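Okay, so here's the structure we're looking at.
What you see is a predicted model; the values in this text were computed from it and never measured. Letters A, B, ... mirror the listed sequences (proteins, then strands); counts begin at 1.
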Amino acid sequence: MWTFLLALLLALPIGVAVAVAIGIVIFLHPDHTKKWVATIAWIVSVFYKKAEYLAIKWEIEGDLNVFVNRLESNIIREFPRVSIEWSATEDSENVVWEENRVILVMHDRKHKSKNVVHAALLFTSKTLLQNTSFHISKTQKRSMELFATLKILEQERSGVVPQFMADYFAPQVQSDEALKELIRQYTVIERIGAFFPILIQEIHCLGNKVFLEETKKEKTIAEVKGLVEFLIEFTEREVGDTKTPTTFVGDFMRCAIRVVASRAVRERGDVEKHRDDIDGLLQRSLENVYLIGSDQNMNRKFVDDVVSGVLQDFERVQLRKTYRFRGKIKIGGAWREVGTYLVHLHNPDAEDYLFTKDKLEKENARP
Amino acid sequence: MNEPVQNIDAVHERDLEKLLADMGKLEEFKQGRVLCKFCGDRITTANIYSILPESGSINFICQKPECIAQLFEHMDGKRPQ
Ligand SMILES: [Zn+2]
């Protein structure tokens with residue numbers, strides 16, 4: 001296809017060729033295109049005020065949708081693309097607003113950073129963490145909103161980070177020790193690449209689940225705390241450590257995380273032990289099982305062998321993502337390079353949203 | 001290319017009066033009688049974060065981090081009608 005396109009471009013007059021080339025780039029990367037068109041629209045808006053509507057809209061849509069694209073390449077969830085809809089504009093006769101829909105107020109060009117920050121906060125809360133207030137604590141939710149928004153802005157529009165830190169992050173985090181501690185933990189988890197692919201993905205799914213019959217909030221709060229602590233322990237694991245737990249099971253989140261492998265087990269080539277344990281987890285109707293370990297070649301090969309065994313045992317289970325991440329963590333005051341290898345297995349038969357007390361007890365009681 | 005879309009409703013501050021007039025809130029706003037749903041501070045063009053039409057009334061939320069966080073908690077479980 002590329003050879004044909006190149007031949008086509010060469011055969012066209014230069015002006016048409018440039019227009020076609022731009023058209024292809026826009027078609028292939030619509031959200032990236034929005035980001036740079038927004039920059040041009042901001043310049044035009046100095047002379048022509050109406051361009052400001054396009055600048056605001058495309059800047060925010062470009063930033064958030066490029067982030068969503070990037071996020072989806074690391075996790076299995078699909079998130080909606082953001083579209084800014086004007087409730088009222090100078091030109092339009094129509095004024096549109098609806099019950100229970102937040103209308104974000106966009107400010108003029110002097111405060112354009114604020115617009116991006118405000119929209120990113122709303123996106124994090126409404127899209128990534130929707131309905132999670134029913135299951136996690138205020139501090140857990142707020143800390144995730146702040147940290148996820150910070151990561152979005154750092155990746156997509158680092159220029160607005162100082163404003164976000166000054167106006168939102170620092171005032172809340174500085175004065176709240178619990179919030180500060182959670183942010184510290186997310187920073188460590190982010191350094192092994194597990195913040196969005198495991199933590200946010202699972203919390204997002206938890207938001208869609210309904211537990212009937214009795215309020216379980218204190219239990220789900222404890223479970224989320226347990227997940228965060230498990231991931232922290234994983235980052236602090238020394239090679240050869242056999243004492244730290246190797247498996248986390250989320251009874252409410254319906255997921256499990258398995259650390260593969262300790263050096264001793266791997267050197268014995270003991271694939272079967274891990275395979276049996278993971279088979280056991282899948283029999284408990286857990287929706288997602290993550291295998292996490294070092295990204296060293298030998299370990300990656302070992303993980304892949306375990307995964308092929310599990311996939312032979314469960315025809316319906318899907319290998320949804322393999323994910324390699326290079327990061328740095330601080331252990332005992334010294335920075336250490338770490339590579340993480342993460343494999344996400346998904347059990348479509350276990351996808352469920354409504355849980356009765358009986359059902360949870362039955363599934364969690366399995367060996 | 002048929003991805004689901006999440007609309008974020010927005011109003012530019014220069015169109016705020018038009019929207020408030022439609023909502024029947026313009027006079028109140030001009031007189032400084034519109035207050036933040038969560039902290040009770042007076043809402044102005046400079047400090048407004050969002051507007052939330054809810055249960056037949058119009059709520060206003062200011063830009064304080066605490067008020068924005070409370071709005072997000074409040075919105076969980078709410079569905080547009
Ligand atoms: Zn307020």
Side-chain angles (χ1 to χ4, degrees), chain A residues 30 49 52-53 56-57 60-61 64-65 68 78-90 92 94-108 111 114-115 118-119 121-127 129-134 138 141-142 145-146 167-172 207, chain B residues 1-26 29 34 36-38 43-81:
Chain A
K49 263 188 162 183
E52 204 169 301
Y53 290 94
I56 293 172
K57 180 176 164 66
I60 293 171
E61 288 178 6
L64 296 180
N65 294 337
V68 170
E78 275 190 21
F79 293 104
R81 268 47 186 175
V82 170
S83 171
I84 301 287
E85 298 296 319
W86 295 108
S87 291
T89 55
E90 284 171 333
S92 166
N94 287 347
V95 178
V96 186
W97 49 277
E98 285 174 56
E99 278 277 298
N100 290 339
R101 284 181 71 106
V102 169
I103 303 166
L104 210 53
V105 179
M106 298 295 179
H107 298 273
D108 69 10
H111 303 285
K114 203 177 245 187
N115 294 337
H118 286 174
L121 276 164
L122 185 66
F123 165 80
T124 308
S125 178
K126 268 194 79 165
T127 307
L129 297 168
Q130 190 178 31
N131 292 339
T132 52
S133 301
F134 297 119
K138 279 186 185 184
K141 173 134 198 255
R142 202 166 292 187
E145 273 166 6
L146 287 169
D167 292 351
Y168 295 96
F169 197 97
Q172 293 191 80
Chain B
M1 288 297 254
N2 288 327
E3 291 145 336
V5 172
Q6 182 185 327
N7 290 336
I8 293 183
D9 294 348
V11 61
H12 194 290
E13 62 177 32
R14 75 170 76 108
D15 303 316
L16 195 55
E17 291 200 357
K18 191 174 178 179
L19 178 66
L20 293 175
D22 196 73
M23 291 171 157
K25 284 281 173 182
L26 185 57
F29 183 80
V34 162
C36 171
K37 176 180 170 69
F38 299 108
I43 293 283
T44 64
T45 309
N47 76 359
I48 187 168
Y49 174 72
S50 67
I51 302 168
L52 173 63
E54 184 187 28
S55 309
S57 61
I58 307 290
N59 293 309
F60 294 81
I61 295 92
C62 82
Q63 289 174 9
K64 281 194 205 127
E66 184 62 31
C67 297
I68 295 178
Q70 282 193 56
L71 168 70
F72 295 156
E73 277 156 29
H74 180 75
M75 287 308 291
D76 264 0
K78 284 197 178 291
R79 285 280 169 272
Q81 291 176 354

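- A:Leu104 is listed as a side-chain neighbour of B:Tyr49, based on a closest heavy-atom distance under 4.5 Å.
- Closest non-hydrogen pair, A:Phe134 versus B:Asp76, comes out as CZ-O, 3.7 Å.
- Residue with the most contacts toward chain B among A:Arg81, A:Glu61, A:Glu52: A:Arg81 (heavy-atom pairs, distance under 4.5 Å).
- Only the side chain of B:Leu16 comes within contact range of chain A, judged by heavy atoms closer than 4.5 Å.
- Neither the backbone nor the side chain of A:Phe169 comes within contact range of chain B; no heavy atom of the residue lies under 4.5 Å from a heavy atom of that chain.
- Considering all non-hydrogen atoms of both residues, B:Ile48 and A:His107 come closest at O-NE2, 3.2 Å.
- Heavy atoms of A:Asp167 lying under 4.5 Å from chain B belong exclusively to its backbone.
- For A:Glu99 (side chain) and B:Ser55 (main-chain N/O), a donor-acceptor pair under 3.5 Å exists by modelled atom type.
- Proximity to chain B (any heavy atom under 4.5 Å) is shown, for A:Thr124, by neither the backbone nor the side chain.
- Residue A:Lys57: no heavy atom, backbone or side chain, is found under 4.5 Å from chain B.
- Of the listed residues (B:Asn59, B:Val11, B:Ile61), the greatest number of heavy-atom pairs within a distance under 4.5 Å of chain A belongs to B:Val11.
- Residue A:Ser87 holds its OG atom at 10.0 Å from CG of B:Asp22, rounded to the nearest 0.5 Å.
- Put simply, the side chain of A:Gln130 does not reach to within 4.5 Å of the side chain of B:Gln6, judged on heavy atoms.
- In terms of non-hydrogen atom pairs under 4.5 Å with chain A, the most contact-rich of B:Ser50, B:Gly56, B:Pro65 is B:Pro65.
- In this structure, CD1 in A:Ile84 is found 9.0 Å from CG in B:Asp9, a value given to the nearest 0.5 Å.
- When each of A:Ile56, A:Val82, A:Ile60 is scored by its heavy-atom pairs under 4.5 Å with chain B, the top score falls to A:Val82.
- B:Val5 has its side chain out of reach of A:Glu85: every pair of non-hydrogen atoms, C-beta onward, lies at least 4.5 Å apart.
- Counting only heavy atoms from C-beta outward, the side chains of A:Lys138 and B:Gln70 never approach each other to under 4.5 Å.
- Across all non-hydrogen atoms, the minimal contact from A:Ala88 to B:Asp15 is O-OD2, 3.3 Å.
- Atom CZ of B:Arg14 and atom OG1 of A:Thr89 lie 10.5 Å apart (nearest 0.5 Å).
- Between A:Leu121 and B:Phe72, some side-chain heavy-atom pair lies under the 4.5 Å cut-off.
- Ring pair B:His12/A:Trp86 is tilted by interplanar angle, where 30° to 60° counts as tilted.
- At a 4.5 Å heavy-atom cutoff, the contact between B:Ala46 and chain A is made by backbone atoms alone.
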- Task: Output, in order, the C-alpha distance, side-chain angles, deciding distance and verdict of side chain to side chain contact (heavy atoms under 4.5 Å, CB included) for B:Glu13 and A:Asp108.
- Result: CA-CA 7 Å; B:Glu13 62 177 32; A:Asp108 69 10; 3.6 Å; yes
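- Contact annotation for B:Ile58: only side-chain heavy atoms (C-beta onward) come within less than 4.5 Å of a heavy atom of chain A.
- Residues B:Ile8 and A:Lys126 have side chains not in contact (no heavy-atom distance under 4.5 Å, counting atoms from C-beta outward).
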